[in-house]
Structures are given as C-alpha cells and as structure tokens.
Amino acid sequence: MLKRTHMCGDLRDEHIGETVVVAGWVNTYRDQGKGLLFIDLRDRAGIGQVVFDLEDANSDVVQAARMLRREDVIAARGVVRTRVGGPNPKLATGTIEVMATELEVLNKTETPPILPDDYEASKIAPEKRLQYRYIDLRRPRMQQILRTRHEVARTARTYFAEHGFIEVETPCLIKTTPEGARDFVVPSRSYPGQWYALPQSPQIFKQILMVSGCDRYLQIVRCFRDEDPRADRQAEFTQIDLEMSFVDRDDVMAMMGGLAKRLWKEVLDVELGEIPVLSYHDAMERYGIDRPDLRFGLEIEDVSDLAAKTDFKVFQDALAKDRGVVKAMRVPGGAEKLTRKLTDDYTKWIRTFRAGGVPVVKLTANGFETGIAKFLGPIADALRERLELEEGDTVLFTADTWSIATKAIGELRNRVARDLDLVEEGTWKMLWVVDFPMFERDEDQERWVALHHPFTAPRTDQFDELERAPGECISAAYDLVCNGSEIAGGSIRIHRPDVQRKVFELLGIGAEEAEQKFGFLLKALRFGAPPHGGIAFGLDRLVMLLAGTDDIKDVIAFPKTQTGQDLMTEAPAPVDAEQLEELHVRVVVPEVVEPV
C-alpha cells in the first residue's frame, strides 16, 4: 500500500517540487477531454487536487483513474506543482496540485445513498443523514465541528490543569436519585429486582470528592436524562464538570469566566473582556428572562403604576390579580417597521404563553395613535418620559400576573428582535446571572420546589430566611449566559447537615425518604465537609455557539433523534428472551384499545 506522507488539505506552495503520497476519498471527478483527468481528493484536513496525464502516465494508472467515482478510497503518489490554469481561491490548497505518477485504489464504494456535500446537506432529509451518519460525518463542515469540539475539550483540560484541578471519573451505574428529570434505569443481574440508574449528573459524587479532600475536581462527563424531546437537548449529553473546596461564589465565577475567555480566544480569536453580573431580579424585570440576549436593546419597563390611572379594562383586570402587573417595551422606529399584520400575529402567538394579547400604541407627530391610544390620555406625558419615547416609536404591552406578563414580554422581546433583524451577528455578549430565588412554589402540589437542585446553598446572608420566609430566600447559584443561551450553571453547595435537612424538609422530603435516597451524602456531610461549590458547562451547547450551528445534533458525533432513536444502529431494539430471563425482567406489552 502507498504510505501517506501528507494530508490532502495541508499541501501549500512550500511543498512545490516534493514527491508526496496523499490518500482519501474522491470528492469530485473531472475528465475535461484535454488529456488531463482531475480528482479532488478529500480527507479530514481538506481537499487537494490530483491530476492524471492521460497521455504520458502509465497505462495501468490511467485505466484505474478513469474508473474512479465519488467516494472511492484511493492513495496517489506524485509531485506537487503550481496549479495549471490559475489558483482556486475557494480552496486552501488552491494554488497547487499533485501530478500523479502512481495510483492505488484502496476501496471501491457502492453508489452512496447520500453524498458528503455541505451545499447539498440541507436538501437531504435529516433522518437520512442520521441513518448514514458515517457518510454525513465526512462533510468538511462536520469535520470542522468535530475539531472544534476537540479543541474545546483540550483547552478546558489544559486550563484546569494549570489551575490545580485533577480529573476524576465518577460511576455510570449509580443509585437512582431525584434530580428533576426521569432516570434511565438498568436492571441488575446479580441482585434480582434491584436497579441501577444512569447519572443525570455527577452532582453527589463531586460533592463527596470535596469531602474526600480532592479540593479541585474536573471531569468531561456523559450525563443521561430521560426527558421529553427538545430541539436543543439530547437524552445523553456531555458536561465540563468541576467542583472546588474552600471557595465562595466569586471564586467559582472567576475560574469559569477565565475558561470562557480562554475558549473564545483560542477557538475564535475573540477577546471577551470583562463579563458583567446581573441579578435574577434585574434580568427578569429588564429582559423578561433569566438568560437575556444582550446583543440588542428593547429593555422592558414595569408601568403598572401608570396603567392603574387608565380606564383600559385589560390593564385594570390584570392589576386586580394577585401580583398583577403591566409591562411595556419601546420599539424604536416601530411605527414604520411593525406592520399591523405583525402586531396581530404577536397577539395570537403570545397566547401560547398564557397571556391574553399584546396591546399596541404608536407615537407620531400628533401624539399616541392607533391601538389603545384613546385610553392613554391621562398618562401620555408620563409614559413618554418613562420609556424615553421618540416620534416613530411603537410600544408593546403585556398585562397579567407577574410571572405570565414577564415571561410573555420576554419571549416577545426576542421575537421582535428577530423580526426586525436587530441581533448583531458575529458579536458575543456574556453575562453572569446571580441571586436566584432558592425555591419556587408549586401551587398544584402545595409545596416548595428547588429552582436549581436540593443541594444548592442559600446566600451567606440568607440562612435566616429558610425559617422565616422560604419564598424570599436567595440562593448562592449562578448561571453563565452567552447570546441568550445558558451555557453553564452551578452553585455553592450545602455543606452543613442541619441546613441540608432543613432544605429537604421545605421540599417535602422527610427524614426517612432523605436517608433512603441521599443517605450516603448526608452521612458524608457529618464527617467534616468543607465549604464547596461548582458548576457545569454544557459542552454540546458550548460547541454549538462556537461552531455557529443551532442544531445540537450537528455537534454530537452519533446523536439520537428527538424521540430518542439511533437511526444508524437502530436502537432501541428488542433483546433476546434469554437476556431478559437472566435479568429477571419480563416485558409487558401495553394493551391496544381498538377505536370504536
């Protein structure tokens, strides 16, 4: 076999005159009838042109070359020369070519069901690309994404090694614990009727590593959550996971902010600068969401006090509710840009967020016009001053309970930005969101639920609130947000057994249940647990941002469909009856009820 000396995409002008061997897949084949046959040969590094002289070359070489077709695997020996006919600016190797003297056909392909062509990929059904993933991954774009993922993982490991972290693997077969999603469970052959769970995260184990004196832990770890389908989530995903002892919130944020700056510099050559910090309360009030996109303005104002002075029934009905509010958003130049059709569509669309509609008004040279203008007379001047309105602006409102109106206008803010093309592409806006509520109230079950997870500690000045007013207690949690996407989340953990017991109590987890589910952690906390905290980067979402894709399946080598199927391996699939018998498991097929 011809032994490769260079990657196809690595050849440059400095290699002119050298004899080289390149190997890869035939990307294109061109016989232009001028005595030369051209092959674009592709490998992981890129594409290079190989030329065969149909008149002067060895007849066996020419005969073999004429039989080549796309995706055949070949190796070729030849001399690098300046590209005849001028350079191809679309290729990194576009100034040179290899004049082949030898050819070895390593493998002939059957007719491919799909071709690894970036330009044609969007025309191929996604299911087809997943079924033939090994061909789809040959595309230059997919190879680039795999390299980006590698660079992110390599940079993270190097960065954390420089800061004294050690990488520790945690188990994949664990005891099932409630962490907010359904567990994937695995039956035990050795212990009939007993089950393992696949970890939703290494949360408990990394805390135990802090109790164990590890001090600084790192792991790039697979996690598993049996959740309903979402476009930006897979059932198995990867985290850059870490934990630190003897630290506070600022220490963890400084460490992870440093990683973000390193990643953006090394992968994209972008300087992030200082990362601002915003409280959860301010994020919700100003942007209507706890992961705001700062690439555009459209800040939100609470105008409940002004709305109360109007006789607009929608405002009055909203303000009569418990925690009723009226929110407003100024859209600069919206009088011209936001058509009646658009604003009508907003009213229909926003009902999916339980809001009743989107009242609208425009400011013209004659004052407020259209929409709800006739109701705003008593507050016209105050509203103009509060929102700093200018002629030609539009104001969009939502009115309901605080949670509904805030979320609705937050979603509306993002949609308006997309519709009016306000998002500054190619820019990066990061921020830390801190001071989250410790708990949310589940009114249906009449109990508190943890906003993050049950091991999150209160902020150091909030311990008394656990007893006095749990709903007002602020946690020591923090999220890192980039361009409106949460890319990392973590918290300072509870290290005192009495505080952990109190949190369990507020969450409705009794002493017996807590011991059954978390006994090993509670026991560990009783034997000298240090103060500690950590965070996890979602590696898949991180690579999505850095690679510039909005499909999480693009950044995972072998992803599942949204319904959890692996179309390439045809998983999930039945198993043999003997396997089930060994595991002491029986399959019960649900009864199918025929329609009447």
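Checked for salt-bridge contact, Arg233 and Glu227 meet the test: a charged N lies under 4.0 Å from a carboxylate O. Salt-bridge formation is detected for the pair Asp435/Arg249: a Lys NZ or Arg NE/NH1/NH2 atom is positioned less than 4.0 Å from an Asp or Glu carboxylate oxygen. Ion pairing between a basic and an acidic side chain is recognised when a charged N comes within 4.0 Å of a carboxylate O; Glu236 and Arg222 show such pairing. Taking the charged nitrogens against the carboxylate oxygens, Arg295 and Glu424 have no contact shorter than 4.0 Å, which rules out a salt bridge. A salt bridge links Arg157 with Glu167; the closest basic N to acidic carboxylate O contact falls under 4.0 Å.
Judged as a side chain to side chain contact (heavy atoms under 4.5 Å, CB included), and not counting sequence neighbours, the contacts of Val277 are Met253, Trp432, Val434. Checked against side chain to side chain contact (heavy atoms under 4.5 Å, CB included), Arg354 has the following partners two or more places apart in sequence or in another chain: Ile404. For Tyr280, the ring-ring contact (aromatic ring centres under 6.0 Å, His included) criterion is met by Phe436, not counting sequence neighbours. Scanning for side chain to side chain donor-acceptor pair (under 3.5 Å) contacts around Thr343 gives an empty result, with sequence neighbours left out. Evaluation of the ring-ring contact (aromatic ring centres under 6.0 Å, His included) rule for Tyr159 yields His163 as partners, not counting sequence neighbours. The side chain to side chain donor-acceptor pair (under 3.5 Å) check on Glu391 picks up nothing, with sequence neighbours excluded. Legend: residues meeting side chain to side chain contact (heavy atoms under 4.5 Å, CB included) with Glu271, ordered by chain and number and at least two apart, are Lys265. With sequence neighbours excluded, the residues satisfying side chain to side chain contact (heavy atoms under 4.5 Å, CB included) with Glu472 are Glu465, Arg468, Ala469.
Sorted by first and then second residue, the ring pair (Phe, Tyr, Trp, His ring centres under 6.0 Å) pairs with a member in residues 479-498 form an empty list; sequence neighbours excluded. The ring pair (Phe, Tyr, Trp, His ring centres under 6.0 Å) analysis of residues 297-329, with sequence neighbours excluded, yields the pairs Phe312-Phe315, Phe312-Phe375, Phe315-Phe397. Under the salt bridge (charged side-chain N to carboxylate O under 4.0 Å, His left out) criterion, the residue pairs touching residues 397-411 are Lys321-Asp400, with sequence neighbours excluded. Every pair passing side chain to side chain donor-acceptor pair (under 3.5 Å) that includes a residue from residues 251-262 is listed here, sequence neighbours excluded: Glu162-Arg262, Lys261-Glu274.
Taking CD from Gln207 and OG from Ser212, the interatomic distance works out to 11.5 Å, rounded to the nearest 0.5 Å. To the nearest 0.5 Å, the span separating CG on Leu389 from CG on Leu383 amounts to 5.5 Å. With rounding to the nearest 0.5 Å, the separation of CZ in Phe184 from SG in Cys172 is 13.0 Å. If you take CD1 on Ile509 and CZ on Arg501, they are separated by 14.0 Å, rounding to the nearest 0.5 Å. In this structure, CG on Leu396 lies 7.5 Å from OH on Tyr346, to the nearest 0.5 angstrom. The CG atom of Leu545 lies 5.5 Å from the CH2 atom of Trp264; values are rounded to the nearest 0.5 Å.
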I would like to know whether Met256 and Leu242 meet side chain to side chain contact (heavy atoms under 4.5 Å, CB included); could you show each step before the answer?
-> CA-CA 10 Å; Met256 293 307 281; Leu242 70 118; 2.9 Å; yes
Applying side chain to side chain donor-acceptor pair (under 3.5 Å), run through Thr549 and Arg141 and close with a yes or a no.
-> CA-CA 10 Å; Thr549 178; Arg141 172 66 170 149; 5.0 Å; no
Apply side chain to side chain contact (heavy atoms under 4.5 Å, CB included) to His532 and Lys206, showing your working.
-> CA-CA 10 Å; His532 59 281; Lys206 66 181 183 179; over 6 Å; no
Might you work through the salt bridge (charged side-chain N to carboxylate O under 4.0 Å, His left out) test for Lys348 and Asp344, ending with a clear yes or no?
-> CA-CA 7 Å; Lys348 297 174 186 175; Asp344 286 348; over 6 Å; no
Test Phe296 against Val423 for side chain to side chain contact (heavy atoms under 4.5 Å, CB included), laying out the working first.
-> CA-CA 6 Å; Phe296 54 92; Val423 179; 3.9 Å; yes
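More than 12 non-hydrogen atoms from other residues, nucleotides or ligands lie less than 6.0 angstrom from CG of Asp282. Counting non-hydrogen atoms of other residues, nucleotides and ligands closer than 6.0 Å to NZ of Lys429 gives a total of 12 or fewer. Around CG of Asp464, the count of heavy atoms belonging to other residues, nucleotides or ligands within 6.0 Å does not exceed 12.
With a 4.5 Å cut-off on side-chain heavy atoms, Tyr287 and Leu278 count as touching. Between Glu285 and Thr406 the shortest side-chain heavy-atom distance does not fall below 4.5 Å. Looking only at side-chain heavy atoms (C-beta outward), Arg386 and Asp305 come within less than 4.5 Å of each other. Here the side chains of Ile552 and Gln234 are in contact, with some heavy-atom distance below 4.5 Å. Proximity of Met255 to Val247: side-chain heavy atoms (C-beta onward) are nowhere separated by under 4.5 Å. Counting heavy atoms from C-beta outward, Trp448 and Met438 have side chains that stay 4.5 Å or more apart.
Distance alone, capped at 3.5 Å, is enough to place a donor-acceptor pair between the Thr398 side chain and the Ala405 backbone.
Judged by distance alone, the side chains of Thr170 and Gln219 do bring a donor and an acceptor atom under 3.5 Å apart. A donor-acceptor pair shorter than 3.5 Å can be found between the side chains of Asp302 and Ser304.
Each of Ile145, Val555, Thr148, Ile487 was scored for a side-chain contact (heavy atoms from CB on, under 4.5 Å) with Leu546, with one residue passing: Thr148.
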